[in-house]
Amino acid sequence: MDLYSGYINRLIEELSGLPGIGSKSAQRMAFYLINLPKERVQRFAGAIVEARENVRYCGQCCTLTDQELCPVCANQRRDQSTIMVVENSRDLAAYEKTGKYEGVYHVLHGAISPMLGIGPGDIKLKELIARLEKDVNEVIIATNSSLEGETTAMYISKLIKPTGVKVTRIASGVPVGGDLEYIDEVTLLRALEGRTEL
Ligand code: ZN
């Protein structure tokens with residue numbers, strides 16, 4: 001069913017490949033973009049290309065940043081010996097928004113999922129283990145309470161425990177399957193305060 005021209009179809013196809021965008025939304029967005037002034041479209045396209053070219057992983061915690069070290073890792077007032085492990089940069093942002101966490105982070109960029117064929121080698125785990133060679137007092141595992149998040153938490157705890165570093169898991173007051181980024185700050189802090197040793 002070729003309703004539109006090749007260019008519009010191509011744009012719709014690209015947009016519908018984005019997370020959470022169905023074909024109807026993709027069509028709506030495509031027509032919106034086509035009707036924008038040329039300069040707006042160029043600015044938009046430029047922002048995508050420049051972000052892709054300049055954003056990289058923080059040399060310490062692997063979150064997305066445009067510096068060698070992200071602002072949290074570069075901040076000497078943060079407690080560098082407490083590492084909170086999260087699945088993605090959005091979860092990091094959620095905890096940062098509470099303004100109450102004083103440690104640093106480690107961003108895995110995913111979770112172990114045998115169903116999807118995502119193994120320990122596909123997330124930033126060896127980068128985490130490498131950090132344990134420095135002075136680390138506690139690793140707080142704050143992966144989601146989904147099956148993948150729990151699997152990842154268990155895997156990490158088994159990996160770290162023999163090193164003697166304290167491993168804790170945030171409390172499961174967080175709704176099952178809930179993405180950390182959608183949970184309010186009070187719940188996040190309660191989950192952090194109620195963490196238990198694994
Ligand atoms: Zn960092």
Side-chain angles (χ1 to χ4, degrees), residues 1-74 84-99 105-128 142-153 174-185 187-188:
M1 200 171 59
D2 207 10
L3 293 175
Y4 312 119
S5 81
Y7 288 112
I8 299 176
N9 278 335
R10 205 182 125 201
L11 181 57
I12 293 172
E13 207 178 291
E14 291 291 344
L15 291 167
S16 59
L18 298 173
I21 306 296
S23 70
K24 266 193 189 156
S25 306
Q27 287 185 33
R28 209 176 317 127
M29 286 165 79
F31 286 109
Y32 174 80
L33 289 168
I34 288 163
N35 285 308
L36 284 178
K38 256 192 181 164
E39 312 79 66
R40 275 283 308 278
V41 175
Q42 245 141 20
R43 213 164 63 211
F44 183 57
I48 297 174
V49 173
E50 274 167 35
R52 181 63 188 87
E53 274 171 1
N54 294 300
V55 173
R56 51 174 156 166
Y57 295 129
C58 166
Q60 183 169 272
C61 74
C62 300
T63 196
L64 297 172
T65 179
D66 47 16
Q67 304 291 319
E68 169 62 25
L69 282 181
C70 75
V72 176
C73 288
M84 186 196 288
V85 180
V86 292
E87 289 185 19
N88 53 54
S89 295
R90 299 188 309 274
D91 292 343
L92 180 155
Y95 266 102
E96 272 309 277
K97 252 182 29 207
T98 69
Y105 298 90
H106 190 82
V107 181
L108 294 172
H109 293 283
I112 297 170
S113 170
M115 291 251 295
L116 297 174
I118 301 169
D122 300 315
I123 57 177
K124 302 275 179 202
L125 256 186
K126 56 175 196 313
E127 290 82 353
L128 172 64
T143 51
N144 292 343
S145 54
S146 60
L147 178 62
E148 292 78 15
E150 293 298 345
T151 307
T152 309
V174 179
V176 172
D179 267 42
L180 275 183
E181 58 175 319
Y182 297 122
I183 293 159
D184 67 89
E185 294 170 23
T187 311
L188 278 181

Exercise. Would you find more than 12 non-hydrogen atoms of other residues, nucleotides or ligands less than 6.0 Å from Glu13 atom CD?
Worked result: no
Exercise. Got more than 12 heavy atoms from elsewhere within 6.0 Å of CZ, Arg56?
Worked result: yes
Heavy-atom closest contact ([X] atom, [Y] atom, distance):
{"X": "Gln27", "Y": "Ile12", "answer": "CG-CD1, 3.8 Å"}
{"X": "Ile21", "Y": "Ser25", "answer": "CG2-CB, 3.9 Å"}
{"X": "Glu150", "Y": "Ser145", "answer": "OE2-CA, 3.7 Å"}

Side-chain contact, heavy-atom cut-off 4.5 Å: [X] with [Y]?
{"X": "Val85", "Y": "Tyr105", "value": "no"}
{"X": "Leu33", "Y": "Leu15", "value": "yes"}
{"X": "Leu36", "Y": "Tyr32", "value": "yes"}
{"X": "Ser89", "Y": "His109", "value": "yes"}
{"X": "Gln60", "Y": "His106", "value": "no"}
{"X": "Thr152", "Y": "Leu125", "value": "no"}

Once you round to the nearest 0.5 Å, how far does [atom1] of [X] lie from [atom2] of [Y]?
{"X": "Ile123", "Y": "Thr143", "atom1": "CD1", "atom2": "OG1", "answer": "9.0 Å"}
{"X": "Asn54", "Y": "Thr65", "atom1": "CG", "atom2": "OG1", "answer": "11.0 Å"}
{"X": "Ser5", "Y": "Ile34", "atom1": "OG", "atom2": "CD1", "answer": "7.0 Å"}
{"X": "Met29", "Y": "Glu14", "atom1": "CE", "atom2": "CD", "answer": "12.0 Å"}
{"X": "Glu50", "Y": "Asp66", "atom1": "CD", "atom2": "CG", "answer": "11.5 Å"}

For this session: Please assess Tyr57 against Leu64 for the test side chain to side chain contact (heavy atoms under 4.5 Å, CB included), listing each intermediate value before the final yes or no.
Result: CA-CA 5 Å; Tyr57 295 129; Leu64 297 172; 3.7 Å; yes
